[in-house]
There are 2 protein chains.
Amino acid sequence: MINNEREQIAFANLSWRPCDIANEINYHLLMLDVDQRLRDHGLKVTAPRVSVLDVLRQATGHLNADEVHARLGMAGLEIGRATVYRVLAQLEQVGLVQRSVLEAGRSVFEISRGPRHDHLVCTRCARVIDFSDAEIEARRIEAAGSKGFVVVDHRLVLLGHCAACRAVTGSV
Amino acid sequence: MINNEREQIAFANLSWRPCDIANEINYHLLMLDVDQRLRDHGLKVTAPRVSVLDVLRQATGHLNADEVHARLGMAGLEIGRATVYRVLAQLEQVGLVQRSVLEAGRSVFEISRGPRHDHLVCTRCARVIDFSDAEIEARRIEAAGSKGFVVVDHRLVLLGHCAACRAVTGSV
DNA sequence: GTAACTGCAAATCCTTTGCACAATG
DNA sequence: CATTGTGCAAAGGATTTGCAGTTAC
């Protein structure tokens, strides 16, 4: 039905593929459980919510609220900006979407693909590279613990210069 | 002269004391070199700049732009909000002040006290604890390097529950 | 049918800018 | 005295909110 159609389209355009166990589990969670996940949180399954998820699923990188709104528009979906903001916040709470503050003043969003990861942001070309490091993760919890702190979540942004930009300028 | 007065007042109210070499060096830098540091960057030594530094020096934690503005007002200094923003940005560039984006939508500022550090934010009481960890620091650069990335700066915020709040609720 | 959702426009919040006047070096 | 800095008010961008109409369950 509509659900299936949606999933096939999303799958066809997907920029990533399930490749290891974590991703596969996550993939199924992502593709199949969305409706239930929404209902579990008392959210009705509506066109705006489903569409926003689709946009984020099909996006390669991170999108800010306005970009999401624009892509919905390009897809012929007239959804108000306010609704986009509301939906993004709700999806974040449900855990389907991850919000990051990569630059002061605005948030960017992406589909949750496994545990929270961190970001490398190139200050020259604005490219964003995802990464995660188990050692940092562990050390982080330890360091916080030594201050009596229990870590629930985190945000790490590394600002610097990516390989491509360094190659261009020949500098660091 | 005026300079000396200012330094004595600042010292009297200071919430921290030089205790190790790094802090001591930093302390002198903080208290004595400010005027020169401003001039070195082509900034004139003006009342707003000096006052903002004093406010931040005497603050225990982090202040947002509006709080800085308010404290200046309480001290009888009528300085425009726009100037506060401008001054904070300039002091950040000079390296006398450190800006952090602990929550989306606004920045907080504090006096630079040594190398950039990270923040633990308690999601229950909003308390902010500074910390830094050499191992995370090193690992971070390494992890980024493996992606061809040279790290210039970073932002790490750990969200969780502080000891005090956990004690109160008896939970994690 | 009712509670939840949406669109629109207006409101809000933080921050920046334009410009005439004022102060520093 | 020339450049840089400041205050004010207005502009700016991102996000939220109030409310009347609409939809999912």
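Values reported hereafter were calculated over all heavy atoms of this structure, with side chains retained and with hydrogens, waters and symmetry mates removed. Quick note on labels: first sequence line is chain A, next is B, and so on, each numbered from 1.
- Taking atom CZ of B:Arg106 as the reference point, atom P of C:dT16 lies 14 Å away to the nearest angstrom.
- Between B:Asp118 and B:Arg140 a salt bridge is recorded (basic side-chain N to carboxylate O distance below 4.0 Å).
- With hydrogens and angles ignored, the 3.5 Å screen pairs no side-chain donor or acceptor of B:Arg155 with any backbone N or O of A:Arg155.
- Axis angle between the ends of the helix from C:dG1-D:dC25 to C:dG25-D:dC1, five pairs each and rounded to 10 degrees, works out to 40°.
- Straight-line distance from the NZ atom of B:Lys44 to the C1' atom of D:dT6: 11 Å, rounded to whole Å.
- Along DNA chain C, the nucleotide nearest to B:Gly105 and the one nearest to A:Ala82 differ in position, and the one closer to the 5' end is contacted by A:Ala82.
- Between B:Arg81 and B:Asp66 a salt bridge is recorded (basic side-chain N to carboxylate O distance below 4.0 Å).
- Considering CG of B:Leu43 and CG of B:Asp35, their distance stands at 11.5 Å, rounded to 0.5 Å.
- For the residue pair A:His41 and A:Gln36, no side-chain donor N or O sits within less than 3.5 Å of a side-chain acceptor on the partner.
- Distance, B:His69 NE2 to D:dG7 C1': 10 Å, rounded to whole Å.
- Residues B:Thr123 and B:His161 bring a donor and an acceptor atom of their side chains to less than 3.5 Å of each other.
- The distance between atom CG of A:Leu38 and atom P of D:dA24, rounded to the nearest whole Å, is 14 Å.
- Remark: P of D:dC25 and CD of A:Gln36 are 11 Å apart, rounded to the nearest angstrom.
- Between the P atom of C:dT15 and the CD atom of A:Glu103 lies a distance of 14 Å, rounded to the nearest Å.
- Between the C1' atom of D:dA14 and the CZ atom of A:Phe109 lies a distance of 11 Å, rounded to the nearest Å.
- Here the CD1 atom belonging to A:Ile79 is positioned 4.5 Å from the CG atom belonging to A:Leu72, to the nearest 0.5 angstrom.
- The side chain of B:Arg49 places an N or O atom within less than 4.0 Å of a non-bridging phosphate oxygen (OP1 or OP2) of D:dG5.
- With no hydrogens or angles considered, a side-chain donor-acceptor pair links B:His119 and B:Glu110 at under 3.5 Å.
- Between A:Arg37 and A:Asp40 there is no salt bridge, since none of the side-chain N atoms of the basic residue sits less than 4.0 Å from a carboxylate O of the acidic one.
- One finds a side-chain N or O of B:Thr46 lying less than 4.0 angstrom from the OP1 or OP2 phosphate oxygen of D:dT6.
- Checking the phosphate oxygens (OP1, OP2) of D:dC8, no side-chain nitrogen or oxygen of B:Arg81 falls inside 4.0 Å.
- Of the residues in residues 83-92 of chain A, those placing a heavy atom less than 4.0 Å from an atom of DNA chain D are A:Tyr85, A:Arg86, in numerical order.
- Here D:dC8 presents its P atom at 8 Å from CD of B:Glu78, a figure rounded to the nearest Å.
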